[in-house]
Amino acid sequence: MGLVRSLCLLITFLNCLIISVHGQATARPGPVSGTRIGFYLTTCPRAETIVRNAVNAGFSSDPRIAPGILRMHFHDCFVQGCDGSILISGANTERTAGPNLNLQGFEVIDNAKTQLEAACPGVVSCADILALAARDTVILTQGTGWQVPTGRRDGRVSLASNANNLPGPRDSVAVQQQKFSALGLNTRDLVVLVGGHTIGTAGCGVFRNRLFNTTGQTADPTIDPTFLAQLQTQCPQNGDGSVRVDLDTGSGSTWDTSYYNNLSRGRGVLQSDQVLWTDPATRPIVQQLMAPRSTFNVEFARSMVRMSNIGVVTGANGEIRRVCSAVN
C-alpha cells in the first residue's frame with residue numbers, strides 16, 4: 001500500500017509540474033485557489049440547478065440580463081477579487097461607481113439566493129452564484145459552457161472608490177495589459193475575455209468622442225467610413241447619450257466570433273476594442289480567434305476560470321451572506 005500511495009503522489013506531482021511548465025490555463029484550478037468543481041455536491045446538491053433555473057427565468061423575461069450578469073462578474077473580479085462585493089447595495093458601494101451604474105441582472109442573483117437559502121440555508125455564497133450565473137448566460141446566448149469551480153465566500157467590503165481602476169472604454173492596449181497583468185492575467189486572456197463583447201451594448205455617451213470632428217479632435221480614422229456614418233446616425237452629436245448600440249454589430253445577442261471579425265473591418269464600437277486590431281501586440285491573437293477553426297469558446301472557458309479565481313475568499317475567511325445585497 002505504501003508503494004502505491006507513493007506512486008500516486010508522484011503522478012500527482014508530475015501532473016502539476018506539467019501544467020506549471022506549459023503555463024496553460026486549465027478548467028481545473030490548482031489547490032492554491034481554494035475552489036474546486038463540485039464544491040456543493042454534498043452540502044447543496046441542487047445548487048447549480050437552482051442558479052441555472054433562476055438565470056433561465058430572468059433571461060426569458062429580459063435577454064439583456066445575459067451580458068449584464070457576465071459584465072457584473074468581470075467587474076466583481078477586477079475589484080478586490082471575485083468576492084461578490086459588487087452585489088452589495090447602499091451609498092458609496094461598488095454598485096454606485098460610474099462603470100457599474102448600467103449593470104443589469106441583480107434581481108436574478110437575488111432570486112437565486114432566495115431559493116438557495118430555502119433549500120440550503122447558509123451554504124452557497126453570492127460570489128459563487130454570480131460565477132455560475134455568468135457561465136449560464138453564455139450558454140443561453142448559444143455559447144459553450146464549462147465547469148465552474150466553486151467554494152468562494154463573500155467579502156464584507158464594497159467601496160465605489162475601489163472601482164476606479166476597472167478597464168475603461170478608452171484604454172490603450174498597454175493600459176489594458178497593465179490592468180490585466182496586475183491580476184495575473186496575460187495578453188491572451190485579455191483578448192479572449194474582451195471577446196465577451198460579442199453580446200451586449202454600450203451607451204452612445206461612452207464612445208461618441210470617436211464619431212465627430214470637434215475642437216482639437218477629428219473622427220477616429222480607424223473606424224470604417226460606412227460604419228462611422230451608421231454610428232453617427234444612431235448616436236447624433238447632441239443626441240441622447242443613453243441610447244444603446246450593439247458592441248458586436250449584426251450579432252449583438254448571439255455568442256460567436258463575429259466580434260473579432262468586426263474589429264478586422266474597423267467596426268469596433270469602443271476604442272478599447274478597436275485598438276486590439278490596430279496594436280501589433282494583440283492583432284495576431286484577434287486573427288487566430290476569428291479564424292474558421294477558432295478556439296474562442298475553449299479559450300474563453302479557460303480564461304474565465306482563471307479570472308474567476310482572482311483574489312477569492314475561501315475557508316474561514318469572509319462569510320456566506322443571507323442576502324446578496326447586504327453583509328450579515
Side-chain angles (χ1 to χ4, degrees), residues 47-77 84 86-87 89 95 99-116 126 128-146 148 166-167 169 192-207 227 230-231 234-235 240-263 267-270 273 289 294 296-297 300-301 303-304 307-308 324-325:
E48 294 200 22
T49 300
I50 291 172
V51 173
R52 184 181 308 114
N53 289 342
V55 174
N56 289 349
F59 184 80
S60 295
S61 299
D62 184 358
R64 293 177 299 176
I65 65 104
I69 290 175
L70 183 62
R71 185 175 173 222
M72 190 190 302
H73 183 42
F74 275 75
H75 285 209
D76 182 44
C77 292
I86 198 169
L87 301 168
S89 62
R95 286 172 68 161
N100 296 330
L101 292 178
N102 291 314
L103 291 179
Q104 294 179 305
F106 289 101
E107 69 284 355
V108 174
I109 306 302
D110 291 339
N111 180 31
K113 180 60 173 174
T114 298
Q115 295 182 52
L116 284 165
C126 298
D128 276 345
I129 295 172
L130 184 52
L132 291 165
R135 183 270 313 276
D136 294 340
T137 63
V138 171
I139 296 173
L140 284 172
T141 52
Q142 301 179 36
T144 302
W146 62 91
V148 177
L166 283 167
V192 168
L193 290 172
V194 175
H197 286 172
T198 183
I199 57 174
T201 61
C204 289
V206 173
F207 61 88
F227 188 52
Q230 176 183 325
L231 290 177
Q234 292 175 285
C235 302
D240 184 354
S242 65
V243 171
R244 311 293 294 183
V245 173
D246 284 345
L247 289 168
D248 183 5
T249 301
S251 184
S253 59
T254 303
W255 194 270
D256 52 30
T257 59
S258 69
Y259 162 80
Y260 296 112
N261 283 276
N262 277 330
L263 297 187
R267 291 177 168 244
V269 173
L270 303 181
D273 286 352
L289 294 172
S294 174
F296 172 53
N297 277 301
F300 189 83
S303 291
M304 280 293 285
M307 186 198 74
S308 71
C324 291
S325 58

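Bear in mind that the values here come from a model prediction, so they are computed numbers and not experimental data.
Here Asn53 contributes atom CG and Ile50 contributes atom CD1; the two are 8.0 Å apart, rounded to the nearest 0.5 Å. Atom OG1 in Thr49 sits 11.0 Å away from atom CD in Gln115 (nearest 0.5 Å). Considering OG of Ser325 and NZ of Lys113, their distance stands at 11.0 Å, rounded to 0.5 Å. Leu70 CG to His197 NE2: the interatomic distance, rounded to the nearest 0.5 Å, is 8.5 Å. Here the CD atom belonging to Gln142 is positioned 11.0 Å from the CG atom belonging to Asn297, to the nearest 0.5 angstrom. For the atom pair Leu132 CG and Thr137 OG1, the distance stands at 11.0 Å (nearest 0.5 Å).
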Can you give me every donor-acceptor pair (side chain of residues 99-110, partner residue at least two apart or in another chain, under 3.5 Å) with its distance?
residue : atom : partner : partner atom : Å
Asn100  : OD1  : His75   : ND1          : 2.6
Asn100  : ND2  : Glu94   : O            : 2.7

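Under the 3.5 Å distance criterion, the side-chain polar atoms of Thr198 are matched with a main-chain donor or acceptor of Thr254. Not one N or O on the side chain of Asn262 forms a donor-acceptor pair closer than 3.5 Å with the backbone of Gly268. Side chain of Asp246 to main chain of Asp248: no donor-acceptor pair is present (N/O by atom type, distance under 3.5 Å, no hydrogens or angles). Looking at Arg52, its side chain never comes within 3.5 Å of a backbone N or O of Asp136 through a donor-acceptor pair. Not one N or O on the side chain of Ser303 forms a donor-acceptor pair closer than 3.5 Å with the backbone of Phe300.
No side-chain heavy atom of Arg244 sits under 4.5 Å from any side-chain heavy atom of Arg64. The shortest side-chain heavy-atom distance between Trp255 and Thr144 does not fall under the 4.5 Å cut-off. Residues Val148 and Asp128 form no side-chain contact, since every pair of their non-hydrogen atoms from C-beta on lies 4.5 Å or further apart. The side-chain heavy atoms of Met72 and Ile86, taken from C-beta on, include a pair separated by under 4.5 Å.
Taking every heavy atom of both residues into account, Val138 and Trp146 meet most closely at CG2-CH2, 4.0 Å. Between Pro63 and Pro67, the closest heavy-atom pair is O-CD, 3.7 Å. Between Ser308 and His73, the closest heavy-atom pair is CB-NE2, 3.6 Å. When all heavy atoms of Ala66 and Ile199 are compared, the closest pair comes out as C-CD1, 4.2 Å. When all heavy atoms are compared, the tightest approach of Val245 to Cys235 is CG2-SG, 3.7 Å. Heavy atoms only, all atoms of each residue included: Leu247 and Tyr259 are closest at O-CD1, 4.3 Å.
Only one option out of Asp256, Thr257, Asn261 pairs with Ser251 in a side-chain hydrogen bond (donor to acceptor under 3.5 Å, both in side chains); it is Asp256.
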(request) Evaluate side chain to side chain contact (heavy atoms under 4.5 Å, CB included) for Ile139 paired with Arg135, printing each intermediate quantity in order. (result) CA-CA 7 Å; Ile139 296 173; Arg135 183 270 313 276; 3.5 Å; yes

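The aromatic rings of Phe296 and Tyr260 sit perpendicular, their planes meeting at an angle over 60°, well past the 30° parallel limit.
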